[in-house]
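Structure record follows, encoded as structure tokens.
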2 protein chains.
Amino acid sequence: MATELKEQIINTSLFLFEKHGFHGVSVNQIVKASGTSKGGFYHHFQSKDELLFVIHDYFISYVLTNAEKAIVSSTYPTDKLQKIIKSFVTVFDLYKAHISVFYQESTYLKPKYEETIKQKRQTYRDIIFAVIQEGIDLGEFRPEISVSIIGMSIIGMINWSYKWYKKDGEKSIEEIADMYVDFILQSLLTEKAKQNPEFQSYFLHNRLPTGT
Amino acid sequence: MATELKEQIINTSLFLFEKHGFHGVSVNQIVKASGTSKGGFYHHFQSKDELLFVIHDYFISYVLTNAEKAIVSSTYPTDKLQKIIKSFVTVFDLYKAHISVFYQESTYLKPKYEETIKQKRQTYRDIIFAVIQEGIDLGEFRPEISVSIIGMSIIGMINWSYKWYKKDGEKSIEEIADMYVDFILQSLLTEKAKQNPEFQSYFLHNRLPTGT
DNA sequence: GAGCTAAGACCGACTAGTTGGTCTGTTTAA
DNA sequence: TTAAACAGACCAACTAGTCGGTCTTAGCTC
């Protein structure tokens, strides 16, 4: 089939890039590992740089779509934030390699590709910032926090997971997501909002106790 | 002087690596930019890989020493954690390039160097984990949290700053550090610990109000 | 159905340029 | 006088990318 080889190349290089980095893997290695040839590779990709872009774009587009879905399906900012966090963290099981490449190798994106990715990334940030701002405005989140700093903290804390998360680790990705939600909401919510029965299920101490 | 050129090479390549990545910079570029020659370079470094290691090791050793100082100078885990956070974040102003290289290019460390760095990194984690565990044991931190997940969340959230922090940004590194401390302690501390007058200064709402 | 055609899919030897690293020196300073 | 500090021409290995060619298959004609 037409796209079979292309996907094969993408998947193979994804794991190679994750392990050895973009410049640590040569086109020769890629074509060998994906069982094709130089010709096959350059039939599907203009350049090695384009391959890197395709991987980046695929991932960020997916994540962005997810976040957009999350914010329209809820009314409370607290719910929105919770959904964004959970949906993003879940991506780790599906696209661990994509994520690693996305965060490790974006330095190597050529300018013409970089622009597109940068924009989508900014859009993602803006969605999160907007939710936090809304939370403050509606009195759910503590007003003394800084939207941008807390926003970046949340993003950073979650993103960093790609450095240590392992599928066969002792905690499932859902458990980890729940801990993130608890951690973040414990800090963001006002005392009053914490009493709201709607949000009780987001707190760990209202659930089964989970230890170290 | 003996070490002058060596330091010159390190500093130059630090900024080159930060911008273009380890493999995005050739030895020729390095020697040109630092005003020396191949001979000069290989007189001071066994290989390009060793240079990368030296940069890594310098940075992690510095950070590690800082954390060790922080934990002996305090008695309360809350204070310890606060000091670790503040001391680490302050490093951003001093060693932004080191940090970027440390997190971006460690993939390219050759195995024989990687081991040393990995160990020091683990030691750093262990220090933080131990402080959190101690906080739980002494009743300052909420018992339902997971030491490792929260530990990695804190590390991630702070580390991620290297992706966006700018020296001439609108917030100083001290302000950002204070926000991290507030964010983290709001979530970690038990209701009772939050009442402890010793810890009041760590919370934003007890300070001058800072907006978005 | 058989026979033909054209185009997309793929192959791999080849190239021009670059890479990290070496080696034979020369300079410097103690 | 001696050893460390540096210089730079040189090299083998590898790099991304090219290009003339072959294979496969869908669609058409009879």
Side-chain angles (χ1 to χ4, degrees), chain A residues 1-57 101 104-114 117, chain B residues 1-57 101 104-114 117:
Chain A
M1 202 182 287
T3 53
E4 221 167 54
L5 179 62
K6 188 169 180 178
E7 269 164 31
Q8 173 62 27
I9 293 172
I10 292 176
N11 283 326
T12 308
S13 51
L14 208 40
F15 290 102
L16 290 173
F17 288 164
E18 184 186 14
K19 231 185 189 168
H20 310 107
F22 181 69
H23 277 102
V25 180
S26 71
V27 177
N28 271 325
Q29 284 174 274
I30 294 172
V31 300
K32 203 173 171 187
S34 41
T36 179
S37 63
K38 276 285 180 75
F41 181 92
Y42 283 97
H43 179 74
H44 290 289
F45 301 97
Q46 265 192 34
S47 61
K48 196 188 170 191
D49 298 294
E50 198 200 284
L51 167 62
L52 186 63
F53 167 73
V54 169
I55 293 173
H56 271 72
D57 194 57
V101 173
Q104 287 289 344
E105 312 302 327
S106 60
T107 336
Y108 296 120
L109 274 176
K110 285 268 145 50
K112 70 166 176 172
Y113 299 120
E114 197 188 5
I117 302 298
Chain B
M1 199 183 289
T3 52
E4 221 166 55
L5 179 62
K6 188 168 180 179
E7 268 164 31
Q8 173 62 28
I9 293 173
I10 292 176
N11 283 324
T12 308
S13 52
L14 209 40
F15 291 102
L16 289 173
F17 288 164
E18 185 186 13
K19 231 185 191 168
H20 309 108
F22 181 69
H23 276 104
V25 180
S26 70
V27 177
N28 271 324
Q29 284 174 275
I30 294 171
V31 300
K32 203 174 171 187
S34 39
T36 180
S37 62
K38 278 283 181 78
F41 182 93
Y42 283 97
H43 178 74
H44 290 289
F45 301 99
Q46 267 192 34
S47 61
K48 195 187 171 193
D49 297 294
E50 198 201 285
L51 167 61
L52 186 63
F53 168 73
V54 169
I55 293 173
H56 271 72
D57 195 56
V101 173
Q104 285 290 345
E105 313 301 329
S106 62
T107 336
Y108 297 120
L109 275 176
K110 284 270 146 45
K112 70 166 175 171
Y113 299 120
E114 197 188 6
I117 303 297

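Order of the sequence lines sets the chain letters (A, B, ...), proteins ahead of strands, with each chain counted from 1.
Partners of A:Thr107 according to the side chain to side chain donor-acceptor pair (under 3.5 Å) rule, which considers only residues two or more places apart in sequence or in another chain, do not exist here. Evaluation of the salt bridge (charged side-chain N to carboxylate O under 4.0 Å, His left out) rule for A:Lys110 yields A:Asp49 as partners, not counting sequence neighbours. Remark: B:Thr36 pairs with B:Leu5, B:Ile9, B:Val31, B:Ser34 by the side chain to side chain contact (heavy atoms under 4.5 Å, CB included) rule, at least two apart or across chains. By the side chain to side chain contact (heavy atoms under 4.5 Å, CB included) test, B:Gln29 is found to be paired with B:Val25, B:Ser26, residues two or more places apart in sequence or in another chain being considered. Checked against ring pair (Phe, Tyr, Trp, His ring centres under 6.0 Å), B:Tyr42 has no partners two or more places apart in sequence or in another chain. Contacts of A:Lys19 classified as salt bridge (charged side-chain N to carboxylate O under 4.0 Å, His left out), with partners at least two apart in sequence or in another chain: none. For A:His56, the side chain to side chain contact (heavy atoms under 4.5 Å, CB included) test picks out A:Leu52, A:Val101, A:Phe102, A:Ser106, A:Leu109, A:Ile117, with sequence neighbours left out.
Of the residues in residues 30-39 of chain A, A:Thr36, A:Ser37, A:Lys38, A:Gly39 come within less than 4.0 Å of DNA chain C through at least one heavy atom, sorted by number. Contacts with DNA chain D (heavy atom under 4.0 Å) in residues 17-26 of chain A: A:Val25, A:Ser26, listed by number.
Rounded to whole Å, the distance from NZ on A:Lys110 to P on D:dG17 is 7 Å. When rounded to the nearest whole Å, the span between CD1 of A:Ile9 and C1' of C:dC11 equals 12 Å. If you take CD of A:Gln8 and P of C:dC10, they are 11 Å apart, rounded to a whole angstrom. Distance A:Phe45 CZ to C:dG8 P: 18 Å, rounded to the nearest Å. To the nearest angstrom, C1' of C:dA9 lies 13 Å from NZ of A:Lys6. Taking atom CZ of A:Phe41 as the reference point, atom P of C:dC14 lies 22 Å away to the nearest angstrom. Across the protein-nucleic acid pair, B:Asn28 atom CG and C:dT22 atom P stand 14 Å apart, rounded to whole Å. Computed from coordinates, the B:Leu16 CG to C:dG20 P distance equals 12 Å when rounded to whole Å.
Between A:Tyr108 and B:Tyr108, the ring-plane angle classifies as perpendicular under the 30° and 60° cut-offs.
Closest to the side chain of A:Leu5, out of C:dG20, C:dT19, C:dC10, is C:dC10.
Side chains of B:Ser47 and B:Tyr113 form a contact here, defined as non-hydrogen atoms less than 4.5 Å apart.
For the OP1/OP2 pair of D:dA5 and a distance below 4.0 Å, the side-chain nitrogens and oxygens of B:His43 include at least one atom meeting the criterion.
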